[in-house]
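Not measured: the values here are computed from a predicted model. Below, chain A is the first sequence line, B the second, and so on; all start at residue 1.
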There are 2 protein chains.
Amino acid sequence: MESSRFKTRMSEEGLKSTRQRAEILEIFLNSAGHQNLGQIYARVAKTDPKIGYTTVYRTLKLLTRLGFAAQRKFADGETRYEPIPEGAHHDHLICLRCGKIIEFEDDHLESLQNRIARRHGFDIFHHRMELYGYCRQCARKKSSIRRKG
Amino acid sequence: MESSRFKTRMSEEGLKSTRQRAEILEIFLNSAGHQNLGQIYARVAKTDPKIGYTTVYRTLKLLTRLGFAAQRKFADGETRYEPIPEGAHHDHLICLRCGKIIEFEDDHLESLQNRIARRHGFDIFHHRMELYGYCRQCARKKSSIRRKG
DNA sequence: TTTGAAATTGAAAATCAATTTCATTTTAAG
DNA sequence: CTTAAAATGAAATTGATTTTCAATTTCAAA
Ligand SMILES: [Mn+2]
Ligand SMILES: [Mn+2]
Ligand SMILES: [Zn+2]
Ligand SMILES: [Zn+2]
């Protein structure tokens, strides 16, 4: 379970396990990804209204540092968080009309990135790759609007 | 010249040409890319201390809207601007140690992005692709440090 | 268990870049 | 020219993020 891995990592770092951290992790892992702090806090507050916004903020920051969460800042400027399964990685397709966020992994893309980096003498640690456009549904609506008007 | 293209675009949009806008564009185009507002303002103020920070802010926003500039927000969170030659596009390699920013273009990457998008039914308008790691010089330093200690 | 140093919490305050306000000045069409 | 609309610049506001600090909780050691 993630919660025990979290406890282990915390004690490794000399951090303490608290009811608040456990609840926040629990709620975070059982929610959809790509939520902003306000949305995460709202869920937490619904379960335990005593937990402060600041604690949610600090816990998400901690989860990010320990690799349980990823902070994302897409082009709309909002800061979102999503749970990250151990060692996993993915990139994003983002719909500019309805806001839908699709995740993808592509080995060719990863190796092409490494090739590009090597060509420039870079040693790559991580990357960010986001594709912005219209999702299938929105592209369909858009073109039907064009046909009519 | 870019400045006449700028005037044309401004009048097309019902905007007025001003000394301030002309000076800011001139300075912006003749500086290195990837500068933040403070840096751009500092240069502008050196030439004409009467021009306000707000005007530089608004002009960069305008240049971005009209396609003369691109606003970039890399992972360090700073907002930077760079001049964009008409219709051009490039992506970035960013050194996590010295901050160096290298630009690259790669047709395979562009077409692979389109293939990935199509696979998910997306119609892509633009994208963001940043590779983070150590540049040649910094990677070299890092490994020599490792050898010694 | 008890103890107590260190860590955590949460409300409030501070920070700080981005944006807006508004009185004044400038532009450019007629 | 005249004049309405746009632009300017200093100051104020906004809003998300981060820090502060007094009170509370955790947990290792006694
Ligand atoms: Mn994701
Ligand atoms: Mn660039
Ligand atoms: Zn959509
Ligand atoms: Zn470097």
Side-chain angles (χ1 to χ4, degrees), chain A residues 3-4 6-25 27 34-66 69-81, chain B residues 3-4 6-28 34-66 69-81:
Chain A
S3 69
S4 65
F6 184 42
K7 282 181 185 169
T8 303
R9 289 292 292 109
M10 281 200 286
S11 82
E12 280 172 8
E13 302 268 328
L15 303 174
K16 291 172 177 173
S17 292
T18 65
R19 177 179 49 73
Q20 288 93 332
R21 284 175 173 168
E23 280 190 26
I24 293 167
L25 175 65
I27 288 165
H34 313 120
Q35 308 242 311
N36 64 34
L37 251 195
Q39 296 170 314
I40 297 166
Y41 170 68
R43 282 179 174 275
V44 169
K46 204 158 52 176
T47 297
D48 183 347
K50 297 285 187 55
I51 296 180
Y53 181 91
T54 311
T55 299
V56 178
Y57 160 74
R58 282 189 285 228
T59 301
L60 266 293
K61 203 172 170 183
L62 174 63
L63 290 172
T64 300
R65 183 161 70 76
L66 299 187
Q71 189 191 62
R72 306 286 188 193
K73 292 192 184 185
F74 300 133
D76 68 358
E78 266 203 67
T79 300
R80 294 163 221 260
Y81 294 88
Chain B
S3 69
S4 65
F6 184 41
K7 280 180 186 167
T8 303
R9 289 293 290 110
M10 281 199 288
S11 84
E12 280 172 9
E13 302 269 327
L15 304 174
K16 293 174 177 173
S17 291
T18 66
R19 177 179 49 74
Q20 289 91 332
R21 284 175 173 169
E23 280 190 26
I24 294 167
L25 175 65
E26 172 74 6
I27 288 166
F28 175 64
H34 314 119
Q35 307 241 314
N36 63 35
L37 249 196
Q39 296 171 315
I40 297 167
Y41 170 68
R43 281 177 175 277
V44 169
K46 204 157 52 177
T47 297
D48 184 346
K50 297 286 187 55
I51 296 179
Y53 180 91
T54 311
T55 300
V56 178
Y57 161 74
R58 282 189 285 229
T59 301
L60 266 293
K61 205 172 168 182
L62 174 62
L63 290 172
T64 300
R65 183 163 69 80
L66 300 188
Q71 189 191 62
R72 307 285 187 193
K73 292 192 184 185
F74 300 132
D76 68 357
E78 266 202 66
T79 299
R80 294 162 221 258
Y81 294 88

Would you kindly give the NZ-to-P distance between A:K73 and C:dA18, to the nearest whole Å? 11 Å
Whole-Å distance between C:dT27 P and B:R19 CZ? 8 Å
Considering only distance and modelled atom types, tabulate donor-acceptor pairs under 3.5 Å from the side chains of residues 37-49 of chain A, sequence neighbours left out.
unit_1: A:Q39; atom_1: OE1; unit_2: A:N36; atom_2: N; d: 2.8
unit_1: A:D48; atom_1: OD1; unit_2: A:K50; atom_2: N; d: 3.0
unit_1: A:D48; atom_1: OD2; unit_2: A:R19; atom_2: NH1; d: 2.8

Kindly state which residues belonging to residues 40-61 of chain A come within less than 4.0 angstrom of DNA chain C, counting heavy atoms of the residue only, listed by number. A:K50, A:I51, A:G52, A:T54, A:T55, A:R58
With the criterion being N/O to N/O and under 3.5 Å, what pairs connect the protein with nucleotides 28-30 of chain C, and how long is each?
unit_1: C:dA28; atom_1: OP1; unit_2: B:S17; atom_2: N; d: 3.0

If each of B:Y81 and A:M10 is mapped to the nucleotide of DNA chain C with the nearest heavy atom, which maps nearer the 5' terminus, i.e. the 5' end? A:M10
Which atoms form the tightest heavy-atom contact between A:R80 and A:F74, and what is the distance? NE-CD1, 4.0 Å
Pairwise distance CZ(B:R58) to CZ(B:R21) - rounded to 0.5 angstrom: 9.0 Å
As an exercise, state the distance from CD1 of B:I27 to CD1 of B:I51, rounded to the nearest 0.5 Å. 6.5 Å
Matching residue for B:Y81 among B:Q71, B:H34, B:R72, B:Q35 - test: side-chain hydrogen bond (donor to acceptor under 3.5 Å, both in side chains): B:Q71
Quick check: do B:L62 and B:E13 have side-chain heavy atoms less than 4.5 Å from each other? no
To the nearest 0.5 Å, atom OG1 of A:T55 lies from atom CG of A:L60 at 11.5 Å
Within this structure, what is the OG-NZ distance for the pair A:S17 and A:K7, rounded to the nearest 0.5 Å? 5.5 Å
Distance check needed: C:dT8 P versus A:E13 CD, whole Å only. 11 Å
Using a cut-off of strictly less than 4.0 Å, decide whether B:R21 has a side-chain nitrogen or oxygen near OP1 or OP2 of D:dT8. yes
Value in whole Å for how far the C1' atom of C:dT8 lies from CD1 of A:I24: 11 Å
Can you tell me if A:Q20 touches the phosphate of D:dT25, counting only side-chain N or O atoms and a distance under 4.0 Å to OP1 or OP2? no
